[in-house]
K.L.:
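Below are the structure tokens for one structure; questions will follow.
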Amino acid sequence: MQVRPKFNKFAWRGLLLCTLCMVLAIAARLTTTAIAVSTRDAAPPGNLVVTSPRICAALSVYELAQENDWGLRAIVAQATLNGFTLEGRVPDCAAGVGVALTTDFEPARWQLALDAVDAVSSGSYAVSPDACARANTVVPLSAEATSPVAARAQCVIYGLAFVEVRP
């Protein structure tokens, strides 16, 4: 007579759950790798024009707000949007978007940049203090030199000067 080990129904469920988790983890890893490879190999079309205030402001946030700080992202978004308003137009940012998308693109950081622009644009987040809210130019500060514009800055965060430049 052959003796078979008995597994109760909880053991089978546990084994099934562990197997399912392993399959999902492998699938998630393969998907992430495929997205990273396809994003890195993609090149923007040569005739692409991007003049959306939302996208171009998000690009500024993505490039300039290196720290994980919601307030910093919102201030960069506000200053960029103020600059567009002052100029009366949105410059073509297709080249910058192309570079951002093809050089170590971080989807989560891009989404945070879009969220900051959306919050500032909709009025659901108000930038303060006023010196930061009025800024229309962002000047990265460096240890080597500071521009006369940056010297007038009354709002400086994480090495970025937010300045109100008047025409």
Side-chain angles (χ1 to χ4, degrees), residues 24-25 28-29 31-45 47-167:
L24 289 175
R29 177 68 179 152
T31 302
T32 304
T33 302
I35 289 171
V37 169
S38 67
T39 302
R40 184 177 55 239
D41 295 341
N47 60 352
L48 181 66
V49 175
V50 178
T51 57
S52 161
R54 179 178 187 247
I55 300 300
C56 293
L59 178 63
S60 288
V61 174
Y62 183 82
E63 290 177 338
L64 295 171
Q66 297 295 320
E67 302 294 328
N68 186 14
D69 184 321
W70 173 258
L72 175 63
R73 287 190 295 271
I75 293 169
V76 172
Q78 181 71 63
T80 303
L81 292 169
N82 288 349
F84 296 160
T85 301
L86 180 69
E87 289 180 24
R89 67 181 189 86
V90 178
D92 182 12
C93 64
V97 170
V99 169
L101 290 174
T102 57
T103 310
D104 297 326
F105 181 66
E106 296 176 45
R109 222 173 97 218
W110 180 256
Q111 186 60 55
L112 289 170
L114 287 170
D115 291 346
V117 172
D118 292 343
V120 168
S121 296
S122 70
S124 66
Y125 184 83
V127 171
S128 65
D130 287 341
C132 296
R134 288 190 314 268
N136 54 26
T137 305
V138 182
V139 181
L141 299 177
S142 67
E144 297 87 34
T146 57
S147 72
V149 172
R152 296 186 322 212
Q154 294 184 8
C155 178
V156 177
I157 302 171
Y158 292 114
L160 295 174
F162 298 88
V163 183
E164 182 180 10
V165 177
R166 296 185 182 154

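All heavy atoms count here, side chains included; hydrogens, waters and symmetry mates do not. Remember, predicted model here, so these are calculated numbers, not experimental data. Starting from 1, each residue takes its place in the sequence as its number.
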K.L.:
Are side-chain heavy atoms of Phe162 and Gln78 found at a separation under 4.5 Å?
P.N.:
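A side-chain contact under 4.5 Å is absent here.
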
K.L.:
For residues Leu86 and Val165, report the shortest heavy-atom separation together with the two atoms involved.
P.N.:
CD2-O, 3.5 Å

K.L.:
For residues Arg109 and Gln66, determine if any side-chain heavy atom of one lies less than 4.5 Å from a side-chain heavy atom of the other.
P.N.:
yes

K.L.:
Mark yes or no for whether Ser124, through its side chain, and Val120, through its backbone, hold a donor-acceptor pair below 3.5 Å.
P.N.:
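Not a single qualifying donor-acceptor pair exists.
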
K.L.:
Taking Leu64 as the fixed residue, which of Thr80, Leu59, Leu72, Val138 is the one that meets the side chain to side chain contact (heavy atoms under 4.5 Å, CB included) rule?
P.N.:
Val138

K.L.:
Has Ser122 got a side-chain atom pairing as donor or acceptor with Ala119's backbone, closer than 3.5 angstrom?
P.N.:
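A pair under 3.5 Å: yes.
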
K.L.:
Starting at OH of Tyr158, measure out to CD1 of Ile75 and round the result to the nearest 0.5 Å.
P.N.:
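Between Tyr158 OH and Ile75 CD1, I get 10.5 Å after rounding to 0.5 Å.
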
K.L.:
Would you give the length of the straight line joining atom OG1 of Thr137 to atom CG of Asn82, rounded to the nearest 0.5 angstrom?
P.N.:
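It is 9.5 Å, given to the nearest 0.5 Å.
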
K.L.:
Would you compute the distance between atom CZ of Arg73 and atom CD of Glu67 and round it to the nearest 0.5 angstrom?
P.N.:
10.5 Å

K.L.:
I need the minimum non-hydrogen distance between Ala58 and Leu114, along with the two atoms involved.
P.N.:
CB-CD2, 3.6 Å

K.L.:
Looking at CG of Leu101 and CH2 of Trp110, how far apart are the two atoms once the value is rounded to the nearest 0.5 Å?
P.N.:
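If I round to the nearest 0.5 Å, the distance is 6.5 Å.
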
K.L.:
Within this structure, what is the SG-CG distance for the pair Cys155 and Leu160, rounded to the nearest 0.5 Å?
P.N.:
9.5 Å

K.L.:
What are the two closest non-hydrogen atoms of Pro53 and Val90, and how far apart are they?
P.N.:
CG-CG2, 3.7 Å

K.L.:
Between Ala116 and Ala74, which heavy-atom pair has the shortest distance, and what is it?
P.N.:
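Shortest heavy-atom separation between Ala116 and Ala74 comes out as CB-N, 4.1 Å.
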
K.L.:
How far apart are the closest heavy atoms of Tyr125 and Gly71, and which atoms are they?
P.N.:
OH-CA, 3.9 Å

K.L.:
Testing the basics here: between Val50 and Cys56, what is the closest heavy-atom pair and its distance to 0.1 Å?
P.N.:
O-SG, 3.5 Å

K.L.:
If you measure from OG on Ser52 to CG on Asp92, what distance do you get to the nearest 0.5 Å?
P.N.:
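One gets 11.5 Å once the value is rounded to the nearest 0.5 Å.
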
K.L.:
Compare all side-chain heavy atoms of Thr51 with those of Val49 and state whether any distance is below 4.5 angstrom.
P.N.:
yes

K.L.:
Are Arg89 and Phe84 in a cation-pi contact, defined as NZ or CZ under 6.0 Å from the six-membered ring centre and within 45° of the axis?
P.N.:
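Judged by the rule, Arg89 and Phe84 form no cation-pi pair.
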
